[in-house]
Amino acid sequence: MYLPAISELEPIARAAGAAILSIYRQPFEVEFKQDESPLTAADKGAHEVIVRALASLTPDIPVLSEESDAGGMQARLGWSRYWLVDPLDGTKEFVSRNGEFTVNIALMEEGKPVWGLVYAPVLDKLWYGGVGQGAWRIDEGGTTAIQTRPHEKGQVWKVVGSRNHLSQATLEYLARFGDIEKGEVELISMGSSLKFCIIAEGGAELYPRLAPTCEWDTAAAQAVLEGAGGSVTHLDGSPLRYNKPDILNPWFVAKA
């Protein structure tokens with residue numbers, strides 16, 4: 001099975017990040033898709049950079065991006081191996097200019113992510129890894145191996161949640177772990193795939209997502225988290241599967 005080297009993918013992610021930042025640092029227009037989600041020139045620019053580079057790197061592996069056309073969405077159902085890309089995860093964070101957005105690139109095999117890369121251009125941090133391979137963070141300090149930190153009995157639960165999609169169902173789910181008001185649960189709100197990466201490097205223990213996401217939102221970060229020793233499952237504990245007829249994910253929980 002082909003697994004990419006970080007030396008092959010890091011330049012692609014950074015080039016996509018540069019394309020995003022070239023828009024981020026100037027006035028830009030915001031369009032809206034049919035589902036009311038925002039779209040900018042940065043989404044499109046990063047998509048073009050990544051798709052072109054992956055086609056050159058692995059011409060035999062097809063690419064599905066959030067910005068792919070309808071033909072790609074239909075063709076994917078026949079793919080057993082492909083790249084799954086969100087060129088700009090967290091467009092709402094991009095529009096609000098809080099820096100909490102990422103470039104997500106995952107390699108998929110038989111309905112699951114086997115390798116993933118998450119790059120945060122504003123933070124200039126990159127996480128990568130995969131099941132059975134380990135996980136790492138690249139930042140100004142160099143490359144560091146990362147590992148999850150499971151919850152210890154009697155300690156406050158550290159939970160990451162969406163800045164824009166913290167649903168009532170999520171709050172009710174968290175109540176089983178403790179009372180937020182009493183400090184038994186510490187809730188850290190942030191955007192995009194950064195939530196998975198915080199768990200992967202030991203900064204939190206839980207990310208319940210009881211609100212809509214798509215497969216390209218989660219695949220790369222799931223691979224990183226699983227490489228670091230964590231897991232992403234349905235609420236009943238069964239594996240989160242990909243390349244379903246419906247690109248939407250069911251509710252899930254990411255755990256250390």
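Only this structure's heavy atoms are used, side chains among them; waters, hydrogens and symmetry mates stay out.
- Heavy atoms from other residues, nucleotides or ligands lying under 6.0 Å from CD of Gln26 number more than 12.
- Considering Val122, Val118, Leu117, Leu123 in turn, Val118 is the only one that fulfils the side-chain contact (heavy atoms from CB on, under 4.5 Å) rule with Thr102.
- In this structure the side chain of Lys158 reaches within 4.5 angstrom of the side chain of Arg149, judged on heavy atoms.
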For the pair Trp157 and Leu174, evaluate side chain to side chain contact (heavy atoms under 4.5 Å, CB included) and give the outcome as yes or no after the intermediate values.
-> CA-CA 10 Å; Trp157 280 93; Leu174 289 177; over 6 Å; no
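- Salt bridge Glu48/Lys44: absent, no basic N to carboxylate O contact under 4.0 Å.
- Val51 and Ile12 end up in the same hydrophobic cluster when Ile, Leu, Val, Met, Phe, Trp and Tyr side chains are linked at under 4.5 Å.
- For Tyr173 and Phe177, the distance between ring centers is under 6.0 angstrom.
- Shown here for Trp251 and Ala169, the closest heavy-atom pair between the two residues is CH2-CB, 4.0 Å.
- The minimum heavy-atom distance linking Trp216 with Asn104 is given by the pair O-ND2, 3.8 Å.
- For the pair Ile138 and Arg14, the minimum side-chain heavy-atom distance is below 4.5 Å.
- Ala256 approaches Ala204 most closely through the heavy-atom pair CB-O, 4.2 Å.
- Between Glu100 and Lys195 there is no salt bridge, since none of the side-chain N atoms of the basic residue sits less than 4.0 Å from a carboxylate O of the acidic one.
- A donor-acceptor distance shorter than 3.5 angstrom exists from the side chain of Gln133 to the backbone of Val114, with no hydrogens or angles considered.
- For residues 56-65, the salt bridge (Lys or Arg N to Asp or Glu O under 4.0 Å) pairs, not counting sequence neighbours, are Asp60-Arg81.
- Side-chain atoms of Gln155 do not come within 3.5 Å of backbone N or O of Glu152 as any donor-acceptor pair.
- Under the 3.5 Å distance criterion, the side-chain polar atoms of Arg137 are left unmatched by any main-chain donor or acceptor of Thr143.
- Using a distance-only test at 3.5 Å, with no hydrogens or angles considered, a donor-acceptor pair links the side chain of Asp217 to the main chain of Cys214.
- Looking at Asn243, its side chain never comes within 3.5 Å of a backbone N or O of Ser80 through a donor-acceptor pair.
- Atom CD of Gln168 has more than 12 heavy atoms from other residues, nucleotides or ligands within 6.0 Å.
- Ser65 and Asp86 are not linked by any side-chain donor-acceptor pair at a separation below 3.5 angstrom, with hydrogens and angles left out of the test.
- When all heavy atoms are compared, the tightest approach of Gly116 to Val224 is O-CG2, 3.6 Å.
- The shortest distance between side-chain heavy atoms of Ile105 and Leu9 falls below 4.5 Å.
- Leu248 and Val85 are not part of a single hydrophobic cluster, where members link through side-chain heavy atoms under 4.5 Å apart.
- Put simply, the side chain of His151 does not reach to within 4.5 Å of the side chain of Leu206, judged on heavy atoms.
- Linking Ile, Leu, Val, Met, Phe, Trp and Tyr whenever their side-chain heavy atoms come within less than 4.5 Å leaves Val49 and Val103 in two separate clusters.
- Checking side-chain atoms of Ser96 against main-chain N and O of Glu93 turns up a donor-acceptor pair under 3.5 Å.
- Taking 4.5 Å as the limit, some side-chain heavy atom of Thr218 sits within range of a side-chain heavy atom of Tyr242.
- Rounding to the nearest 0.5 Å places CG of Leu240 at 5.0 Å from CG of Asn249.
- Distance alone, capped at 3.5 Å, is enough to place a donor-acceptor pair between the Arg76 side chain and the Met73 backbone.
- The distance from atom CH2 of Trp136 to atom CH2 of Trp127, rounded to the nearest 0.5 Å, is 16.0 Å.
- Looking at heavy atoms from C-beta onward, Tyr82 lies out of side-chain contact with Leu54 at the 4.5 angstrom threshold.
- Residues Tyr128 and Tyr119 keep their aromatic ring centres 6.0 Å or farther apart.
- Judged purely by distance below 3.5 Å, without hydrogens or angles, the side chains of Lys255 and Thr148 never pair a donor atom with an acceptor atom.
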Evaluate salt bridge (Lys or Arg N to Asp or Glu O under 4.0 Å) for Glu66 paired with Lys33, printing each intermediate quantity in order.
-> CA-CA 12 Å; Glu66 180 178 4; Lys33 304 177 186 178; 3.0 Å; yes
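- Ile199 and Ala254 get closest at one heavy-atom pair: CD1-O, 3.8 Å.
- The two residues Ile50 and Pro87 make their nearest non-hydrogen contact at CD1-CA, 4.0 Å.
- Under the 30°/60° scheme for interplanar angles, the aromatic rings of Tyr207 and Phe196 are found to stand perpendicular.
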Pair Thr91-Thr40, side chain to side chain contact (heavy atoms under 4.5 Å, CB included): steps then yes or no = CA-CA 8 Å; Thr91 303; Thr40 71; 4.1 Å; yes
Please test Trp115 against Val131 for side chain to side chain contact (heavy atoms under 4.5 Å, CB included), starting from the C-alpha separation and ending with a verdict.
-> CA-CA 7 Å; Trp115 189 93; Val131 182; over 6 Å; no
After noting the C-alpha distance and the side-chain angles of Trp83 and Thr58, does the key distance pass the side chain to side chain donor-acceptor pair (under 3.5 Å) rule?
-> CA-CA 10 Å; Trp83 295 105; Thr58 55; 2.8 Å; yes
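- Two residues are said to be in side-chain contact when any heavy atoms from C-beta on lie closer than 4.5 Å; Leu126 and Glu10 meet this criterion.
- Remark: Leu84 CG to Leu107 CG distance equals 10.0 Å, nearest 0.5 Å.
- Under the 4.5 Å side-chain heavy-atom criterion for ILVMFWY residues, a single connected hydrophobic cluster contains both Phe28 and Phe32.
- Looking only at distances, no side-chain donor or acceptor of Gln222 sits under 3.5 Å from a matching main-chain atom of Ser231.
- No donor-acceptor distance shorter than 3.5 angstrom exists from the side chain of Glu184 to the backbone of Gly178, with no hydrogens or angles considered.
- A salt bridge is absent between Glu201 and Lys125; no separation between the charged side-chain nitrogens and carboxylate oxygens falls under 4.0 Å.
- Met190 and Phe252 fall within the same hydrophobic cluster, defined by Ile, Leu, Val, Met, Phe, Trp and Tyr side-chain heavy atoms under 4.5 Å apart, directly or through other members.
- With a 4.5 Å cut-off on side-chain heavy atoms, Lys112 and Pro239 do not count as touching.
- Side-chain atoms of Asp89 come within 3.5 Å of backbone atoms of Ser193 as a donor-acceptor pair (strictly under, hydrogens ignored).
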